[in-house]
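No experiment lies behind these values; they were computed from the predicted model shown. All heavy atoms count here, side chains included; hydrogens, waters and symmetry mates do not.
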Amino acid sequence: MRQMFTWFKLLENWLWKNRIQSNRYFASSAIAFAFVCGVSLGIMPCLNVISDGIIEGNIVSVTAFVVYLSSILVCESICAARSFSVAVLRSLLAVSMAFAAYISGYLLFSFLC
């Protein structure tokens with residue numbers, strides 16, 4: 001269970017060794033939450049059929065929230081890195097993984113419904 005929320009820390013330790021000191025759980029849980037946001041949008045048509053249109057999902061607001069979450073990941077990368085290159089590379093990695101998780105969650109569950 002612990003490795004489920006620390007996999008990003010293991011990845012960045014493998015990539016940058018001791019040049020970054022970030023929170024062990026934050027990036028992994030933020031990327032997992034981006035996946036859950038995509039899942040919630042993907043499953044929305046099924047929930048609308050079941051609840052006769054009472055539940056609605058707004059793709060713009062959820063995408064804006066994922067952008068906000070990604071900006072917090074960038075801020076953490078800047079604060080935790082010891083060099084500028086590590087901060088930029090970790091920011092790119094974390095943001096791209098967050099959006100990949102968001103899009104894959106949306107596509108996976110939109111095709112299942």
Review point. Between atom CD of E12 and atom CZ of R24, what is the distance when rounded to the nearest 0.5 Å?
Key: 10.5 Å
**Study point:** Pair W16-R82, side chain to side chain contact (heavy atoms under 4.5 Å, CB included): steps then yes or no
**Key:** CA-CA 10 Å; W16 297 295; R82 293 187 180 181; over 6 Å; no
Review point. If you measure from CZ on F8 to OG on S29, what distance do you get to the nearest 0.5 Å?
Key: 11.0 Å
Exercise for review: Work out which heavy atom in A98 is nearest to a heavy atom in A34; give both atom names and the distance.
Suggested key: O-CB, 3.5 Å
Review point. Out of curiosity, T6 OG1 to N13 CG, how far, rounded to the nearest 0.5 Å?
Key: 9.5 Å
Review point. When rounded to the nearest 0.5 angstrom, what is the spacing between CG in L92 and CG in L73?
Key: 12.0 Å
Review point. Is there side-chain contact between L93 and L11, with at least one heavy-atom pair below 4.5 Å?
Key: yes
Check your understanding: Any donor-acceptor pair under 3.5 Å linking the side chain of S110 with the backbone of L107?
Key -> yes
Check your understanding: Would you call the rings of Y102 and F99 parallel, tilted or perpendicular, where under 30° means parallel and over 60° means perpendicular?
Key -> perpendicular
Review point. Considering only heavy atoms from C-beta outward, does the side chain of M44 approach that of V39 to under 4.5 Å?
Key: no
Practice item. Look at the side-chain heavy atoms of Ile, Leu, Val, Met, Phe, Trp and Tyr, link any pair under 4.5 Å apart, and say whether V36 and V66 land in one connected group. Key: no
Point to revise | Rounded distance (nearest 0.5 Å) linking atom CG of L15 with atom CG of L89 | key: 9.0 Å
Exercise for review: Supply the atom-to-atom distance F33 CZ to S28 OG, rounded to the nearest 0.5 angstrom.
Suggested key: 15.0 Å
Practice item. Establish whether I72 and I31 are linked, either directly or via other cluster members, by ILVMFWY side-chain heavy-atom contacts under 4.5 Å. Key: no
Review point. Does C46 have any disulfide (SG to SG under 2.5 Å) partners at least two apart in sequence or in another chain, and if so, which?
Key: C113
Exercise for review: Examine I103 and I59 and state if one hydrophobic cluster contains both, with Ile, Leu, Val, Met, Phe, Trp and Tyr joined whenever side-chain heavy atoms are less than 4.5 Å apart.
Suggested key: yes
Check your understanding: Heavy-atom distance under 4.5 Å between the side chains of F111 and Y106, does that happen here?
Key -> no
Review point. Are any side-chain N or O atoms of S70 and backbone N or O atoms of V95, one a donor and one an acceptor, separated by less than 3.5 Å?
Key: no
Check your understanding: More than 12 non-hydrogen atoms from neighbouring residues, nucleotides or ligands closer than 6.0 Å to CZ on F35, yes or no?
Key -> yes
Practice item. Spell out, as yes or no, whether a donor-acceptor pair under 3.5 Å connects the side chain of T63 to the backbone of V60. Key: no
Review point. Under 6.0 Å between the ring centres of F5 and F26?
Key: no
Review point. Can you check side chain to side chain contact (heavy atoms under 4.5 Å, CB included) on I20 and R90, steps first, answer last?
Key: CA-CA 9 Å; I20 191 161; R90 186 185 184 272; 2.8 Å; yes
